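To start, the structure itself, in structure tokens.
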Amino acid sequence: MVGTSVHHNLHLPQPQEDHHHRKTFDFTSGEQQCISLLKKCKNIQELKQSHCLILKLGLDHNSNSFCTGHLLSTCALSTWGSMDYACLIFQQIDSPDSFEFNTMIRGHIKDMNLDEAVMVYNQMLEVGIQPNNFTYPSILKGCAYLQRLKEGMQFHGHVFKHGFQDDVFVQNSLINMYGKCGEITQSWSVFRQMDDFDKSLATWSAIIAAHASTQMWSECLSLFQELTSKNYWRAEESVLVSVLSSCTNLGALELGRSAHGFLIRNLSGLNVIVETSLLDMYLKCGSLVTGLTFFERMKVKNQWSYSVMISGLAFHGYGTEALRVFSEMLEKGFEPDEVVYVGVLTACSQTGQVEKGLDFFKKMTVDYKIKPTIQHYGCLVNLMGKAGKVKEAFDLIENMPMEANDALWYSLLDACRVHQDLELGEKVAEKLLNLNSQTPDPYVILSNMYAKARKWENVALTRRKMGQTGLMKTPGFSLIQVKRKVYKFVSNDIKWAHCEGLSDMIYQMEWQLKFEGYSPDTSEVLLDTDEDEKRERLSRHSQKLAIAFGLINTSHDSSIRIVRNMRMCKDCHNYTKYISSIFERRIIVRDRNRFHHFEDGNCSCKDYW
DNA sequence: ATAGGGTTAG
């Protein structure tokens with residue numbers, strides 16, 4: 001049945017007479033009109049009506065016609081497209097050509113249906129249609145998006161077999177696919193084998209994004225710096241998003257700030273994705289005020305921007321404000337997703353609002369039908385643990401619908417340490433050791449707890465057990481950025497000793513600290529050595545090295561910003577408080593969980609972290 | 001007259 005609205009727009013081809021006075025139909029004009037109709041289609045109903053017309057006019061089997069191709073691509077690739085209907089059309093085509101096969105593959109990938117796409121690809125080979133250089137980018141994109149390395153590698157094989165290994169688009173897709181699947185060496189090998197002449201902005205964008213998504217942030221930044229020297233480089237948002245995320249993870253505020261300046265100078269307006277990345281960068285690099293101002297000035301905000309702002313406020317310790325922004329987000333009509341609830345629950349745990357947190361959790365699962373992830377349970381464990389409800393937290397973990405991971409048990413173990421619940425602590429440490437992760441860290445925490453409770457026999461026993469594992473404690477490191485370069489300090493690393501002036505500075509710092517009344521707290525050093533050796537070790541903790549380096553290399557009016565991979569030890573926390581007052585510096589440290597703003601001998605965490 | 005590569009959060 002042909003719909004009236006469409007029917008009125010189409011003039012059916014009229015029979016014409018040729019020079020023998022025979023009546024013929026001019027199909028070409030019919031085709032033209034069908035195509036223009038297809039282009040106007042706004043939904044699947046209109047498309048179906050146009051399809052009927054094409055069938056009625058017999059234009060679907062005309063080998064010179066583009067109608068079927070148009071029809072298929074409109075159906076499979078438009079925003080409102082339906083792959084079910086596309087499959088129906090596709091089945092009716094007698095002998096599909098490579099264009100039609102490719103369209104089907106791309107359609108399935110758009111629906112994230114890699115298996116169907118692979119089936120179409122195999123069918124294509126079976127009927128003897130050669131894949132072309134349009135085939136592989138689509139299918140590799142699907143492998144990338146779904147992180148299906150196995151299939152990705154198979155198709156890399158096909159690329160070679162069919163001789164497309166030198167096609168630039170295929171190479172870019174391969175770089176992206178390997179990057180998304182975490183195989184950075186493979187991405188790099190494709191990139192390296194490419195001719196410099198062939199590399200485009202998209203190629204660089206792919207390799208830079210690949211480094212960012214495999215957490216190789218420093219390498220990502222150096223690649224970006226290399227890119228900016230190329231003549232086809234232009235200010236462009238997408239590359240900067242990867243760059244900004246690297247700055248965020250490295251805590252490289254200065255670099256991030258100059259990227260921001262660069263964007264403002266070169267582009268008239270920024271899209272919401274880049275602005276959200278900038279917001280995240282400012283917040284996670286410790287500039288809460290800049291981030292907040294930036295957020296308020298953003299003209300376009302989406303749920304992601306809100307989500308970033310909410311978790312930003314939460315891990316800076318402003319739980320109440322985070323919840324206020326959350327209610328603003330709901331008022332504006334943005335649907336909360338599972339990610340924003342991680343921020344909301346963190347906010348509750350920072351402010352110690354156990355009941356409120358549990359309420360939010362209930363609302364999330366019941367009202368919004370969001371399936372809780374292990375991160376949400378992690379927030380709840382944090383929430384209960386901080387409030388001293390360690391037994392309840394333990395029960396919660398035991399009754400979760402999924403397996404607990406080590407982060408969850410560590411969070412609880414830490415709560416047990418803070419609240420000195422030795423009995424439960426032992427149980428939790430047991431759980432952690434059963435997880436068989438290659439670290440003696442549970443022993444370390446347990447031993448600290450015994451030491452605090454003055455149970456020296458248990459301390460000795462735990463240390464002996466730890467020694468038997470032969471494992472080394474996870475190395476702690478601190479990052480600091482000076483003059484657009486990020487420096488990494490690893491605890492007890494001897495490399496720093498060669499750094500000019502650092503030993504002198506550390507000596508000077510210790511001298512002044514002693515004068516002000518600081519004494520080293522060796523209770524968390526777990527070595528069976530004498531007190532001197534312990535003090536020596538303590539003084540070479542990565543954060544202290546980084547602070548010394550910062551004091552030497554940054555101006556007196558600037559803050560020192562440090563990013564750590566682990567929690568601070570008690571001594572480093574105390575030490576940093578003293579330094580902030582002696583040297584009159586703001587020191588901002590980001591640890592695994594939150595920010596510590598040190599100023600005038602105090603810390604924003606109020607010594608509870 | 002139909003098709004392809006690179007883009008953010010815990």
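Order of the sequence lines fixes the chain letters, A, B, ..., with proteins taken first and strands second; residue numbering starts at 1 for each chain. Given the structure is predicted, the values throughout are model-derived calculations rather than measurements. Computed from heavy atoms alone, side chains included, the values below leave out hydrogens, waters and symmetry copies.
- Note: Phe360(A) and Phe326(A) have perpendicular aromatic rings, judged against thresholds of 30 and 60 degrees for the angle between ring planes.
- If you check residues 127-149 of chain A against DNA chain B, the residues with a heavy atom closer than 4.0 Å are Asn132(A), Asn133(A), Phe134(A), Pro137(A), Lys141(A), listed by number.
- Looking at heavy-atom distances under 4.0 Å, Ser245(A) makes no contact with the nucleic acid at all.
- The side chain of Ser205(A) lies closest to dG6(B), out of dG4(B), dG6(B), dT2(B).
- In this structure a side-chain-to-backbone donor-acceptor pair under 3.5 Å is missing from Arg590(A) to Arg564(A).
- Rounding to whole angstrom units, CG of residue Leu240(A) and P of dT7(B) are separated by 14 Å.
- Across the protein-nucleic acid pair, Leu174(A) atom CG and dG4(B) atom C1' stand 13 Å apart, rounded to whole Å.
- One atom, CZ of Phe191(A), and another, P of dG6(B), lie 15 Å apart when rounded to the nearest Å.
- Residue Thr103(A) is classed as having no contact, given no heavy-atom separation below 4.0 Å to the nucleic acid.
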Can I get a per-line list of side-chain donor-acceptor pairs under 3.5 Å for residues 159-167 of chain A, giving both atom names and the distance, sequence neighbours left out?
| from | atom 1 | to | atom 2 | distance (Å) |
| --- | --- | --- | --- | --- |
| His162(A) | ND1 | Gln130(A) | OE1 | 3.3 |
| Asp167(A) | OD1 | Phe169(A) | N | 2.9 |
| Asp167(A) | OD1 | Val170(A) | N | 3.0 |
| Asp167(A) | OD2 | Asn133(A) | ND2 | 3.1 |

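- OP1 or OP2 of dG6(B) has at least one side-chain nitrogen or oxygen of Asn176(A) nearer than 4.0 Å.
- Distance from the side chain of Lys180(A) is smallest to dT7(B) among dA1(B), dA3(B), dT7(B).
- For the pair Asp198(A) CG and dG4(B) P, the interatomic distance rounds to 21 Å; values are reported in whole Å.
- No contact: Gln171(A) has no heavy atom under 4.0 Å from any strand.
- Nearest nucleotide to the Ser238(A) side chain, out of dA3(B), dT2(B), dT7(B): dT7(B).
- Between Lys110(A) atom NZ and dG4(B) atom P the separation is 11 Å, expressed in whole Å.
- Closest to the side chain of Asn102(A), from the set dG5(B), dT7(B), dA3(B), is dA3(B).
- Note: CG (Asp97(A)) to C1' (dT2(B)) measures 10 Å, nearest angstrom.
- Using a 4.0 Å heavy-atom distance criterion, Ser200(A) is classed as a base contact.
- Atom NZ of Lys40(A) is separated from atom P of dA1(B) by 17 Å (rounded to the nearest Å).
- Evaluation of the side-chain contact (heavy atoms from CB on, under 4.5 Å) rule for Ser277(A) yields Val241(A), Leu244(A) as partners, not counting sequence neighbours.
- Outside the 6.0 Å centre-distance limit, the rings of Trp188(A) and Tyr178(A) are not counted as a close aromatic pair.
- Spacing between atom CG of Leu227(A) and atom C1' of dG6(B) amounts to 11 Å, rounded to whole angstrom units.
- Under the side-chain contact (heavy atoms from CB on, under 4.5 Å) criterion, Ser305(A) pairs with Val272(A), Thr276(A), Phe295(A), Met298(A), Lys301(A), Asn302(A), sequence neighbours left out.
- Among the heavy atoms of the strands lying under 4.0 Å from Val241(A) are primed sugar atoms or P, OP1, OP2 only; no base atom is included.
- Partners of Tyr145(A) under the side-chain contact (heavy atoms from CB on, under 4.5 Å) rule, at least two apart in sequence or in another chain, are Met112(A).
- With sequence neighbours excluded, no residue forms a side-chain contact (heavy atoms from CB on, under 4.5 Å) with Ser222(A).
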